[in-house]
Amino acid sequence: MNGIEPLYEKIRPKNIDEILGNEKLKEVLKTWIKNKKIRSFIIYGEPGTGKSTIVKALLNEIKELYDIYTISGALEGKKTIKSIIEKENNLFSKPKLLFVDEIHRLNKAEQDTLLLSIETGDLTLIGATTENPAISINPALLSRVLIFKTQELSEKDYELLFERIKDYYKDINITDEAKKALVDYAGKDLRRIINLIETAKEASINEIDLQFLSDFTGFKLNYNKNAKYSFISAYIKSVRGSDPDAAILYLAYMLESGEDPLYVARRMVILAAEDVGLADPNALNIAVSAMIATEHIGYPECYLPLSEATLYLCACPKSNSSYLAYSKAKDFINKSNFEIPKKLINPLNKKMQKQGFGENYKYPHDYGGFVRESYMPETYEKTQFYHPKDIGYEKKIKERFIQLWKNYKNYT
């Protein structure tokens, strides 16, 4: 096994103090270890940012305190979880702790299986995921666990990483320029840095400099963190400005420079909603489809859906009315006090009924699908946030609202 064990496993921290960065989280974990009591939590962050490393270092320090079970959310489900929960205790049993890697892969029923045992304290849960738990984890499970996010490493943290690699490969030399380029190349993914150096070493290369990186990876050495944000800005402004040639140029440069395609795809989705909006509602579908395709296909073929979506977004009419509407509503919330009209709140009991909740609500379907009835808070009936534009499909939306709200709302 040792002969094929990758370098990132060989130099993986064995205890909390060896973990790079994440100082506040480390303090929390060390307090739990000291008190011999671990609370259920889920840790999330991008691939290669140290989620599993943190968890494994913690488990290594508490292995004498707990009966530890480890499963993958992608491979194991409800049956395995139930077998762990239902495993009978004996005189020598310790408290149960379950680590679920890729916990977002568990479906709702599988996540629900964990609820009672966590609530009663029969099971301590640790989950790791690349997805935002607020989206990928059931609310019922979220309310029973703490949520931690891996933090971006500092220059000092990266220097410690290179020192550990140097301690393992005594005869390797990595120039300062190459170290900086490696960090830019890998983004937040430490595994990419370690794997690249390991591959170079396997090829009997002991000198890692800028020339090696350029020859070995094709990585453009001038594409650093500052360039990243300049190019994504240029890309977005080009699509917003409907210039397909400039947009494709900046897209290709980012992808060919080693940029994470999903980073570009996510920004594309935001752009579709913010800058195209209701002028072409299908733009968001196109962008989301490109993001999903990118996630499943990966580099390099993902350039195909990304370039197709880019050109489509360039060709779209542009409207930021939905963005402006939300901004105005947000500003209104910060400046105004209001209450939801009673007619819009369902009465949950007889007391609420007597107080008038739900009273005088007109069900639109009883009036042919629409009734001219304001749903705004009292005294704010004439307040408007959304002002449709005469652009693309949104012109039809405007015409529809003018017809529905004639003499009530101003859409002219």
Side-chain angles (χ1 to χ4, degrees), residues 46-49 74 102 104-105 129-132 135-136 181-182 184-189 191-193 195-196 199 213-320 322-323 392-393:
E46 296 179 28
T49 55
E102 297 188 89
H104 64 277
R105 297 291 192 95
T129 174
T130 55
E131 305 290 330
N132 187 337
I135 299 171
S136 60
L182 275 166
D184 290 336
Y185 169 75
K188 299 176 183 178
D189 194 335
R191 266 195 302 263
R192 290 184 74 186
I193 295 175
N195 286 341
L196 181 58
T199 302
L213 292 178
S214 180
D215 294 341
F216 196 72
T217 68
F219 177 63
K220 290 181 174 57
L221 301 175
N222 60 339
Y223 190 76
N224 54 29
K225 184 176 290 187
N226 292 331
K228 170 193 181 95
Y229 295 121
S230 296
F231 272 94
I232 196 66
S233 175
Y235 169 76
I236 290 169
K237 288 179 173 66
S238 298
V239 177
R240 184 185 293 144
S242 300
D243 187 335
D245 302 298
I248 283 292
L249 171 65
Y250 300 130
L251 171 67
Y253 193 95
M254 287 187 289
L255 295 181
E256 295 304 314
S257 296
E259 182 56 75
D260 179 5
L262 274 173
Y263 170 73
V264 179
R266 286 191 290 266
R267 296 306 302 262
M268 181 186 291
V269 171
I270 296 169
L271 184 149
E274 179 181 348
D275 293 302
V276 177
L278 293 171
D280 184 349
N282 193 46
L284 186 58
N285 293 331
I286 296 290
V288 171
S289 295
M291 181 175 67
I292 294 171
T294 297
E295 183 176 13
H296 286 277
I297 295 171
Y299 186 82
E301 288 85 355
C302 64
Y303 81 88
L304 291 166
L306 287 176
S307 59
E308 178 182 339
T310 294
L311 294 174
Y312 184 90
L313 294 178
C314 284
C316 287
K318 306 298 189 296
S319 172
N320 66 345
S322 58
Y323 162 76
Y393 187 85

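Residue numbers run from 1 in the order of the sequence given.
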When rounded to the nearest 0.5 angstrom, what distance separates CD in Glu46 from OH in Tyr263?
10.5 Å
How about Pro317 and Val276: do any of their side-chain heavy atoms sit closer than 4.5 Å?
no
Do side-chain atoms of Ser242 reach the backbone of Cys314 as a donor and acceptor pair under 3.5 angstrom?
yes
Take Met291 and Met268 through the test side chain to side chain contact (heavy atoms under 4.5 Å, CB included) and record every step on the way to the result.
CA-CA 8 Å; Met291 181 175 67; Met268 181 186 291; over 6 Å; no
Would you please test Ile286 and Leu313 for side chain to side chain contact (heavy atoms under 4.5 Å, CB included) and show each step?
CA-CA 8 Å; Ile286 296 290; Leu313 294 178; 5.6 Å; no
First locate atom CG of Leu196, then atom OG1 of Thr199, and finally report the distance between them rounded to the nearest 0.5 Å.
6.5 Å
Apply side chain to side chain contact (heavy atoms under 4.5 Å, CB included) to the pair Leu255 and Tyr299, showing each step before the final yes or no.
CA-CA 8 Å; Leu255 295 181; Tyr299 186 82; 4.2 Å; yes
Determine whether the side chains of Thr310 and Tyr235 contain a donor N or O and an acceptor N or O closer than 3.5 Å.
yes
To the nearest 0.5 Å, what is the distance between CD (Glu274) and CZ (Arg240)?
6.0 Å
Report the C-alpha distance between Asp275 and Lys318 in whole Å, list the side-chain angles of each, state the deciding distance to 0.1 Å, and finish with yes or no for salt bridge (Lys or Arg N to Asp or Glu O under 4.0 Å).
CA-CA 6 Å; Asp275 293 302; Lys318 306 298 189 296; over 6 Å; no
Heavy atoms of other groups near Glu308 CD, more than 12 under 6.0 Å
no
List the atom of Pro244, the atom of Leu311, and the distance in Å for their closest heavy-atom pair.
CB-CD2, 3.7 Å
Using side chain to side chain contact (heavy atoms under 4.5 Å, CB included), reason through Asp243 and Asp245 one step at a time and then give a plain yes or no.
CA-CA 6 Å; Asp243 187 335; Asp245 302 298; 3.8 Å; yes
Are more than 12 heavy atoms, taken from residues, nucleotides or ligands other than Tyr312, located less than 6.0 Å from that residue's OH atom?
yes
Separation between CG of Leu271 and OG of Ser238, rounded to the nearest 0.5 Å:
10.5 Å
Drop me the distance from Ser319's OG to Asp280's CG, to the nearest 0.5 angstrom.
11.0 Å
Using modelled atom types and a 3.5 Å cut-off, is there a donor and acceptor pairing between side-chain atoms of Thr294 and backbone atoms of Ala290?
yes
Answer with yes or no whether the side chains of His104 and Thr129 bring together a donor and an acceptor at under 3.5 Å.
yes
To the nearest 0.5 Å, what is the distance between CD1 on Ile270 and CD1 on Ile236?
7.5 Å
Parallel, tilted or perpendicular: rings of Tyr253 and Phe231 (30°, 60°):
parallel
